[in-house]
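The figures here come from the full heavy-atom set of this structure, side chains too, leaving out hydrogens, waters and symmetry mates. Protein chains get the first letters and strands the later ones, always in sequence-line order, with residue 1 at the start of each.
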Amino acid sequence: MFMAVTDANENHAFRHESLQKTLTGIPGLDDITMGGLPKGRPTLVCGGPGCGKTLFSLEFIVKGALQFNEPGVFMAFEEKADELAANVVSLGFDLEELQREKKVKIDYVHVDKSEIEETGEYNLDGLFIRLGYAIDSIGAKRVVLDTIENLFSGLSNEGILRSELRRLFQWLKEKGVTAIITGERGENTLTRQGLEEYVSDCVILLDHRVINQISTRRLRIVKYRGSLHGTNEYPFLIDDEGISVLPVTSLTLNKKVSSESISSGIDELNNMMSKNGFFRGSSILVSGTAGTGKTSIAGSFIDASCKNKEKCLFFAFEESPAQIIRNMSSINIDLQAHIDSGLLEFFASRPTLYGLEMHLVAIHKAIKKSKPSVVVLDPITNLITVGSVSEVKAMLVRLIDFLQEEQITVMFTALSMNTIVNDQTDEGVSSLVDCWLMIKDIESNGERNRGLYIMKSRGMQHSNQIREFVITDHGLELIDVYLGPDGILTGSAREAQILQEETGEVLHTNALGRKDRELLRRRKVLEAKIDSLRFEFESAEEELNKVYIEEELKKEFMEQTRQKMTDIRKGAGYRNEK
Amino acid sequence: MTEGDLLTAMPENEDEQKYVLRLFVTGASPVSVRAINNLKVILEKHLNDNYELEIIDVHQQPLMVKDEDITAVPMLLKKFPLPFRRLVGDMSDYEKVLRGLGLK
């Protein structure tokens, strides 16, 4: 039991040892291979003609010398040293200088069948000696054999060559150099001479495909003994800085999120969202039919961001930068000023320039280089011309993934040409984007107006209203859509309705005034009537009062008179009784 | 017989017509020894003394290996007369050696 544990530990330690890797310095490749090529072992790089094998291996050597201080030997079987040097001058590699500094050694091995006569048994000791000498003379840690299969065209004894190659690769391992062996792709095998049989630690396949007249380079790690590695086909790009491979997907969904907001550049639009703008690091889709002002919204967003000192990148797939700048200046957005201040950069390319993957790689590269905080792609739908909808979607997933990782806010514009494409956009992108602005055409009364609404905005309250979107010469404006008695009114109909209602108002107030005066008059008449009636009543009352008083007075007087009469009668009666 | 003509013509200006040969071998390995022996027999038989043969050990002269673009060993370089040829192997195939040297 105890023994077993020890064994496991030893195994583990041994495995750890065997997994040592050498960084290639080729951007992206080291991510896919999770640390580079197997250290001290040969790696086979194979592919068809023109797929970039030589450049790949040369970059491995040059980057090793420049970045990792690992001198390298490049043994060329195809091109002469000066040809090689000339080929990579455009990439900024100065092979001559590196050779003078003893960081790189290039050995051109020429095998010409026409001047060779095979007269019996032989071996490749000459090659071993040369390679060994080259390695030792500069203390090389890296070796490239490009393309060793050329030996087979010069020498015909395959049996000898095969056993010698096997010995060579073994010898390279013993030397402890990290080697790349390139091989031309065969009919049904990875290499014509089946080199993969001998080099089995790591095999990388390069591919150059042309689909729909657009070429895409791809790279795949066929095998990598004892190491995890990305298994997909990864697109790679050869440009003026050499090879860059795109590690296309991060498999996890554990990105940071920000609750900070970033202004859309249109105040009214900001007000439609509870956070007063988009979330930083979110993805925004602006979709609409042709001519609805998608680019203007993007321009306005860029303008606002630049004014907040954010670095912006504008990828234009439809218009040239100059055209966009001119067009934006017509709505009072001065992009040129932002370019001059270095906050805004344009990257314009025709979609058909290269394949989708290449676009992605190019976008990646540009973003990595200028590290913006805001990115605009205008319009993504143009990319469909070079790929199917699903491919574009896959590309956008990866792009958004990457941008979110970097906390970059991205705005895409998408053209929806008709309902079908619109549906595709819905399906394709809506699940990816955090915020979706839709611009709809509202057609009525023989004119077309734009209505903007927020289809979705993850993580915040937003207005559900359709606003009329107006492009004026001083910027973009959102106007509350006018709800008339007959439904939504926009454009001139809205203006007309407003005018009509204003007229109505005036007439109404006028009518009201007349009625008021009439009422006042009536009131006065009535009040006058009331007064006269009151006076009448008062006089009647007075009349009545007069009768009452007279009656009273009469009553009082009669009482007095009767008293007097009684008194008089009493006196007379007394006398008679006596 | 063109070869006969060549051979008879050669002694007249001996210095210029001398074969210049360079043989690269790896030390005293069996194949190298075989190559040297085989070659000497052929040369003695066909060229008499009319040749200059330099035998070089690749281990001793790595720079020359590079300069002469040596890959397979043993390798014999026929530097003169032209055309330049490379003879690879232990020189056991007499026919090919003669053809390579332009003696047949």
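- Here A/Y133 contributes atom OH and B/Q61 contributes atom CD; the two are 10.5 Å apart, rounded to the nearest 0.5 Å.
- For a residue to count as touching a neighbouring chain, one of its non-hydrogen atoms must lie under 4.5 Å from one of that chain's; by this rule B/V65 touches chain A with backbone and side chain alike.
- Of the residues considered (A/L124, A/D112, A/V111, A/I129), A/I129 shows the highest number of contacts with chain B, using heavy-atom pairs under 4.5 Å.
- Side-chain N or O atoms of B/D69 include one that pairs as donor or acceptor with a backbone N or O of A/H110 at under 3.5 Å.
- Within 6.0 Å of atom CZ in A/R162, more than 12 heavy atoms from other residues, nucleotides or ligands are found, so the atom counts as buried in its surroundings.
- Counting heavy-atom pairs closer than 4.5 Å to chain A, the top residue among B/V31, B/T26, B/V58, B/I70 is B/I70.
- The part of A/S114 that comes within reach of chain B is its backbone (N, CA, C, O), which places non-hydrogen atoms under 4.5 angstrom from that chain.
- Listed here is the closest heavy atom pair of B/S92 and A/G120: OG-CA, 3.8 Å.
- By the neighbour-count criterion of 12 heavy atoms within 6.0 Å, atom NZ of B/K40 is sparsely surrounded, having that number or fewer from other residues, nucleotides or ligands.
- Inter-residue side-chain proximity for B/V88 and A/T119 is flagged as unmet; no heavy-atom pair is nearer than 4.5 Å.
- With a threshold of 4.5 angstrom between heavy atoms, A/L155 approaches chain B through side-chain atoms but not through N, CA, C or O.
- Checking side-chain atoms of A/R130 against main-chain N and O of B/P62 turns up no donor-acceptor pair under 3.5 Å.
- Within 6.0 Å of CG on B/D67 lie more than 12 heavy atoms contributed by other residues, nucleotides or ligands.
- Put simply, OG1 on B/T71 and CD1 on A/I148 are 10.5 Å apart, with the number rounded to the nearest 0.5 Å.
- Rounded to the nearest 0.5 Å, atoms CD (A/E118) and CG (B/D90) are 11.5 Å apart.
- With a threshold of 4.5 angstrom between heavy atoms, A/Y122 approaches chain B through its backbone and through its side chain.
- With a 4.5 Å cut-off on non-hydrogen atoms, A/F128 does not touch chain B at all.
- Counting heavy-atom pairs closer than 4.5 Å to chain B, the top-ranked of the candidates A/N157, A/I116, A/L127 is A/I116.
- Using a 4.0 Å cut-off between charged nitrogen and carboxylate oxygen, B/R85 and A/E117 count as a salt-bridge pair.
- Using a 4.5 Å heavy-atom threshold, the side chains of B/F84 and A/E115 count as touching.
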